[in-house]
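Here, residue 1 is the first one in the sequence, and each next residue gets the next number.
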Amino acid sequence: MKAEQDGDLLEEDSPQDNGVQTNQYSSISPPASPVAQDEPFSTYFEEKVHIPENVSQVFSFRKLWAFTGPGFLMSIAYLDPGNIESDLQSGAKAGFKLLWVLLGATIIGLLLQRLAARRRVVTGMHLAEVCNRQYPTVPRIILWLMVELAIIGSDMQEVIGCAIALNLLSVGRIPLWAGVLITITDTFVFLFLDKYGLRKLEAFFGFLITVMAISFGYEYVLVKPNQAELLKGMFLPYCAGCGPLQLEQAVGIVGAVIMPHNIYLHSALVKSREIDRKNKKEVKEANKYFFIESTIALFISFLINVFVVAVFAQAFYNKTNADVNESCNKTGSPHTDLFPLNNKTLEVDIYKGGVVLGCVFGPAALYILAIGILAAGQSSTMTGTYSGQFAMEGFLNLRWSRFARVLLNRSIGITPTLLVAIFQDVQHLTGINDFLNVLQNMQLPFALIPILTFTSLTSIMNDFANGLVWKISGGIVILVVCAINMYFVVVYVTALNSVLLYVLAALLSVAYLCFVGYLAWHCLVALGVSCLDFGSRVSNRPAVLIEEPSEYDS
C-alpha cells in the first residue's frame, strides 16, 4: 500500500524485528509489491496544499481557504443527475411538502462526511485502506465489489443525464447514443486537468458548481415559487394528504442524497492537505476547518437542490398530462405527444422535466436546465472516477492510471446504457434510474457501518474516537437510513410481479443480510458491546501516532 510506503499509519509501540517495526494491522494487510514501490505513479495527491502557519486567530479565512476544495468535490455527489431527477419528481408529486426530508438527508449526509474526513485526518489512512487492514480477505473483496457496484451505478446515471442534456440542447439533433459516446470521450479529457495543478482542478469543479447554481437559480427566479409554502415545507416535518406515492418519493430523496461511495471519496480527498498528525492541535484544527468547509459546500448543494424542487413544485404540482399537453400545443413544441390527453397526474423525469419547462416558460428555460444537468453529469462522473481509484488502491493495493481506471468503469457502465440508448427510447433510458437508485441504496450499509466502526475505535482514532453521544446517534442514523432504503428496495422488488425474480431476490437477500450482519457485529464490538467480542479482529488497544513524511522527501 502507498500508505505503508509513506509510513502513513497508526502504529503501536511494539518490538522491532530486524529493524522493521510491526503494527496491529500486519496480520491482515498484505505487504506491498516491491515492483509497485519502484514504479512512478501519478495520483490526485501529486502535490499537497500548504496550510498557513503562525495564524493565532481562533478562526482564519486564510486557513479556511487553504482547506477549501475536498468538501466541494465531495458535494458534487449531492448534485448528480440522479439527485436532480429525484428533486424534480419530488416537486411534481408532493409540491413543497418533502423539502424537510431533503434538509434532513443533507444534515445526515454532513454528519457522515464529517466522520469520513475525521477518519483520514487523524490516522493518515482513508476508509478503504483501513478496511483493507481490519477485515479478512473475503469480506474485504466483497466490500470492494459493493463499492464498485455503487460507483458503476452512479456512473450510469451521470452518463444518462449528460446524454439527455446534449439531446435537449441540440433539439434532438444529437441522438441519445451519440450523447453517451460524447460523454465517454470528454470525461477522459477533463480527468487530465489535474496535470495543471491540484488547485486548478478544484477551481474547475467550483466553476461547474457555479454553472449549476446559476442555471437552476435562473429557473427559480423565473418561476417565482411561493416563499411561505417553501419555508413551511422545509421546516415543518409533516406531509398533509400524502399517500404511498409521496412516501416512496421521500425514501427516494434519502437514497439519492446519501451516496455510499462518496463516504470513501471524502475520506481520501482530505489527504491533499499538509497536516502534521503528531501535533494534536493541528489535527483538531484540520478537523474544524474541514467540517466548516463541508458545511458550506453542502449548504450550497442544498440550495441548488431546493431550487429544482421549488421550480417543479410551483409550476407542476397537481398538474395533469392534459394541462401540459395544452401548454405544449400553444408553444408549438415538437414533444407534445409525450403527454397524452388524459387527466392522470403529470409524471416527470429529467427529459420530460426539460420539455415541460420549455412548454410553459419558453425555450430558454429548457436550454438553461439542460446546461445545469450537463454540468452536474460531467462533474459527478469525474469524482466517481476518483472514488474508484481510491477504492482500488485501498482495498486491493492496485494502483491503476487514471486512463485505465476510467476505461474500466466506463466499459462496464456504458455498455448497458449504450444498448438501451440505441434500441430503446428516452423513456426507457430514464427508467433505468429507478433500478440504479435501488442498486445504490443496497450498498449504503457497506459504507455507513465501516465508517462508524473505525471512527469509534480508540486503537485507531486515539483521543479522537467517537464519544458516547456520537456512537449512539451514529448507530441510530445508520439504522434509520438502512431501514428507509431497504423499504425502497422492497417496494421496487414487489412491483416486479415475477415469481422467479421473487425467488432470486429472496436468495440474494439472505446473502446480503448475512454480510451486513457480519459488518454489524464488528461495529457493535467497536461501539463497546464486549459480550460480542469473540474472535473479532476489531481491537481497541491504544495506538500511537507516528509522523507522516512528505511525499517530496527522498
Task: Sub-6.0 Å ring centroid separation between F390 and F395 - done: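 Distance test on ring centres: not under 6.0 Å, no.
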Open item on the list: In this structure, is the centre-to-centre distance between the rings of F216 and F307 below 6.0 Å?
Closed with: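 Distance test on ring centres: not under 6.0 Å, no.
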TODO: Hey, could you give me each pair passing ring-ring contact (aromatic ring centres under 6.0 Å, His included) that has a residue in residues 61-113? Not counting sequence neighbours.
DONE: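 Passing the test, one end in residues 61-113: F59-F61, F67-Y289, F67-F290.
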- [ ] For K224, enumerate each residue passing the salt bridge (Lys or Arg N to Asp or Glu O under 4.0 Å) test, keeping only those at least two apart in sequence or located in another chain.
- [x]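 Checked K224 against salt bridge (Lys or Arg N to Asp or Glu O under 4.0 Å); zero matches.
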Open item on the list: With a 4.0 Å cut-off on N to O distance, would you call K288 and E285 a salt bridge?
Closed with: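 No.
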- [ ] Determine which pairs satisfy salt bridge (Lys or Arg N to Asp or Glu O under 4.0 Å) with at least one residue from residues 441-467, sequence neighbours left out, and list them in order.
- [x]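 Applying salt bridge (Lys or Arg N to Asp or Glu O under 4.0 Å) to every pair that reaches into residues 441-467, excluding sequence neighbours, yields K280-D463.
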- [ ] Applying side chain to side chain contact (heavy atoms under 4.5 Å, CB included), run through T455 and R114 and close with a yes or a no.
- [x] CA-CA 10 Å; T455 53; R114 174 187 180 273; over 6 Å; no
Task: Polar side-chain atom of N462 near backbone of F464 as donor-acceptor pair, under 3.5 Å - done: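 No, the answer is negative, given that no donor and acceptor are paired below the 3.5 Å cut-off.
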- [ ] Could you walk me through whether N83 and D80 pass side chain to side chain contact (heavy atoms under 4.5 Å, CB included), step by step?
- [x] CA-CA 5 Å; N83 275 282; D80 72 352; 2.7 Å; yes
Open item on the list: Once side-chain hydrogen bond (donor to acceptor under 3.5 Å, both in side chains) is applied, what residue pairs with a partner in residues 229-247 remain, sequence neighbours excluded?
Closed with: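 Every candidate side-chain hydrogen bond (donor to acceptor under 3.5 Å, both in side chains) pair involving residues 229-247 fails, so no pair, neighbours aside, qualifies.
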Open item on the list: Filter on side-chain hydrogen bond (donor to acceptor under 3.5 Å, both in side chains), then keep only pairs touching residues 300-317, sequence neighbours left out; what's left?
Closed with: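 Non-adjacent pairs meeting side-chain hydrogen bond (donor to acceptor under 3.5 Å, both in side chains): K97-Y317.
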Task: With sequence neighbours excluded, residues passing side-chain hydrogen bond (donor to acceptor under 3.5 Å, both in side chains) with D87 - done: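 For D87, no residue satisfies side-chain hydrogen bond (donor to acceptor under 3.5 Å, both in side chains) once neighbours in sequence are set aside.
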Task: Stepwise side-chain hydrogen bond (donor to acceptor under 3.5 Å, both in side chains) test for N262 and Q113 - done: CA-CA 8 Å; N262 207 38; Q113 299 297 163; 3.1 Å; yes
